[in-house]
Amino acid sequence: MAAPDEPRDDADAPETVSADAPAEVKADAAAAEGSDDHFHAARLGDDVGDRPRKDVPDPKDAAEPDDVIHQPEDVAPDTSEETPGKTQRVDAEGDEAPMDAEPTQNKRAALVYNPTKVEPETLRARVAELAAAAEWAEPLFYETTVDDLGDDATRAALDEKVDAVLVAGGDGTVRAVAEALTSTGVPLTIIPSGTGNLLARNLNLPLTDTDAMIRATFEGDILSIDTGIARIRRVDGEVEEHGFSVMAGIGLDAAMIQNTRDDLKKQVGWVAYVDGAARSLVSAKPFRVMYQLDGHRLHSAKVQSVLFANCGALQGGVALIPDASVADGRLDVAVLQPSGVLGWLGVWRSIVWDNSVLRKFRAGRRVLERRKDTSVRYLRGTGIELATAPAQPIELDGDEFGEATRIYTRIIAGGLVVALPKGHDTSTL
């Protein structure tokens, strides 16, 4: 990976921020104009811990009645016709179960799954069968809901002192469960489901052998991998912190995800993102950012997107960041700076051809060493902070997360423990 490059400083001034915007957001706008003082005065990267900050109630408490009688119009609905909104535990038959589980002296696992991505009855039965064969207690089963992507369910499972957590769902479910398990030491087993499975792909896990992954929980190897943390500031000044396992992004990549049709995604899987990209490119405009890698100097640039990666591989064998490793303790960053149509062709060549094809061969690597291409710039560090104005869309592991004026991302080295099939090759990770 090359050392951080000097980006182009050819951006126009950002749009005007409203007079009643919070002071922090005004500082973000001033920083985007090139003010070093404002950039550092409004930093998010100071005083960070090793756990995502989540100002949420205990899942058990949230699921209990509050002894207050509400009229229907007093409470906004938090459910859909298909799925309730609260943390949901079920028994082996799929019936609602109490949040407090019966104590056991044996080891016990919890399965957190998205019921729309799997066959719940079959999956629960198989996990229970293999747990019994390994002489573990009957597993705890949690379904994701409208308001719980899996993080609250995982915290409820941790409250029950489980020894392992299995997750089955799309990238969003895996992200939420991994976030809750960060720095706990409790192993995570990924049962590939849904359309993405990016973390499973980056770990070279079997994508079609469910039994192999379930067995890994009870008899497999374990590996500590890195995980990412993103601290973001909203346009109202509110600060949130979330985890990501694969990558986060700000700008065009997030807009692409927002513009991807859910119905098409269900029909054709990850290929639907091509449609989302086409929709986004029509109105795509470069925006100015100020950013700083931890321990490096401040930079200003006009970009279309900035990606913060823990892993480097996308679907279809595309290597977005070929040198990214899930176990190197480093954050890899891709700054997309295309200029016009030729610039976008340069982005395509860099990601699809150079990274995924040429880098695999010695002759190809020699060609790349001589080429000077500024459409995509690669950076590497332990963390990076970025400010922009106006607010830009962001995404975490392929899920849209609204808009932000500032984002600080970093890596927790070895922050997540994952279960792997016995003897799984980790030499290329």
Side-chain angles (χ1 to χ4, degrees), residues 59 82-84 87-145 148-171 173-174 176-178 180-181 184-195 197 199-201 203-223 416-424:
E82 298 84 9
T83 315
T87 301
Q88 182 84 3
R89 188 168 84 85
V90 300
D91 59 21
E93 285 71 42
D95 298 322
E96 187 171 352
M99 294 297 293
D100 290 306
E102 292 292 329
T104 178
Q105 296 299 315
N106 294 342
K107 287 185 174 182
R108 180 158 57 189
L111 168 66
V112 180
Y113 64 91
N114 183 334
T116 69
K117 301 288 188 180
V118 300
E119 296 180 2
E121 296 80 7
T122 302
L123 182 60
R124 288 194 304 265
R126 195 59 181 147
V127 171
E129 182 179 350
L130 293 177
E135 299 184 349
W136 286 40
E138 182 177 15
L140 305 180
F141 302 110
Y142 298 87
E143 292 188 346
T144 63
T145 67
D148 177 18
L149 294 178
D151 46 343
D152 284 344
T154 304
R155 292 187 186 92
L158 292 173
D159 285 345
E160 300 299 331
K161 309 300 182 185
V162 297
D163 299 280
V165 175
L166 301 89
V167 60
D171 289 327
T173 307
V174 174
V177 173
L181 289 177
T184 66
V186 176
L188 171 67
T189 300
I190 303 169
I191 303 174
S193 314
T195 57
N197 300 306
L199 183 56
R201 292 173 187 273
L203 292 172
N204 299 322
L205 298 179
L207 300 181
T208 58
D209 193 342
T210 298
D211 268 18
M213 289 312 305
I214 298 175
R215 292 181 190 277
T217 307
F218 313 113
E219 58 187 45
D221 299 329
I222 61 172
L223 174 71
L416 183 65
V417 179
V418 293
L420 308 173
K422 195 71 175 177
H424 185 70

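Remember, it's a predicted structure, so these values are computed and weren't measured experimentally.
- F141 and A128 get closest at one heavy-atom pair: CZ-CB, 4.3 Å.
- At least one donor-acceptor pair closer than 3.5 Å links the side chain of R89 to the backbone N or O of P98.
- Looking at every heavy atom in both residues, L140 comes nearest to A101 through CD2-CB, 3.6 Å.
- Atom CG of D163 is separated from atom CG of N106 by 9.5 Å, given to the nearest 0.5 angstrom.
- A distance of 8.5 Å separates CG in L188 from OG1 in T217, rounded to the nearest 0.5 Å.
- At least one donor-acceptor pair closer than 3.5 Å links the side chain of D171 to the backbone N or O of N197.
- Between K117 and G170, the shortest heavy-atom distance links the atoms CG-N, 4.1 Å.
- Taking both residues in full, the closest heavy atoms of E160 and Y142 are given as CG-OH, 4.0 Å, listed atom of the first, atom of the second, then distance.
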Could you walk me through whether L149 and T144 satisfy the side chain to side chain contact (heavy atoms under 4.5 Å, CB included) test, starting with their C-alpha distance in whole Å, then the side-chain angles of each, then the deciding distance to 0.1 Å, before giving a yes or no? CA-CA 5 Å; L149 294 178; T144 63; 5.7 Å; no

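- Across all non-hydrogen atoms, the minimal contact from L181 to P187 is CD1-O, 4.5 Å.
- For the atom pair CG (L205) and CE (M213), the distance works out to 4.5 Å, reported to the nearest 0.5 Å.
- For the pair P206 and P421, the tightest heavy-atom approach, listed with the atom from each and the gap, is CD-CG, 4.1 Å.
- For the pair R155 and D159, the salt-bridge criterion is not met [side-chain N within less than 4.0 Å of a carboxylate O].
- With D221 contributing its side chain and G423 its backbone, the two residues share a donor-acceptor pair below 3.5 Å.
- Checking side-chain atoms of R124 against main-chain N and O of A92 turns up a donor-acceptor pair under 3.5 Å.
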Could you go step by step and tell me if I214 and R126 meet the side chain to side chain contact (heavy atoms under 4.5 Å, CB included) rule? CA-CA 8 Å; I214 298 175; R126 195 59 181 147; 4.0 Å; yes

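- Not one N or O on the side chain of D148 forms a donor-acceptor pair closer than 3.5 Å with the backbone of T87.
- Summarising the geometry, atom CD belonging to E143 is positioned 9.5 Å from atom CG belonging to L111; distances are rounded to the nearest 0.5 Å.
- Between the side chain of H424 and the backbone N or O of L203 there is at least one donor-acceptor pair closer than 3.5 Å.
- Distance check, rounded to the nearest 0.5 Å: CG of D152 to CD of Q88 gives 13.0 Å.
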Could you give me the CA-CA distance, side-chain angles and deciding distance for Y113 and V90, then say whether side chain to side chain contact (heavy atoms under 4.5 Å, CB included) is met? CA-CA 11 Å; Y113 64 91; V90 300; 3.6 Å; yes

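- Here the straight-line distance linking atom CG of L416 with atom OG1 of T184 works out to 7.5 Å at 0.5 Å rounding.
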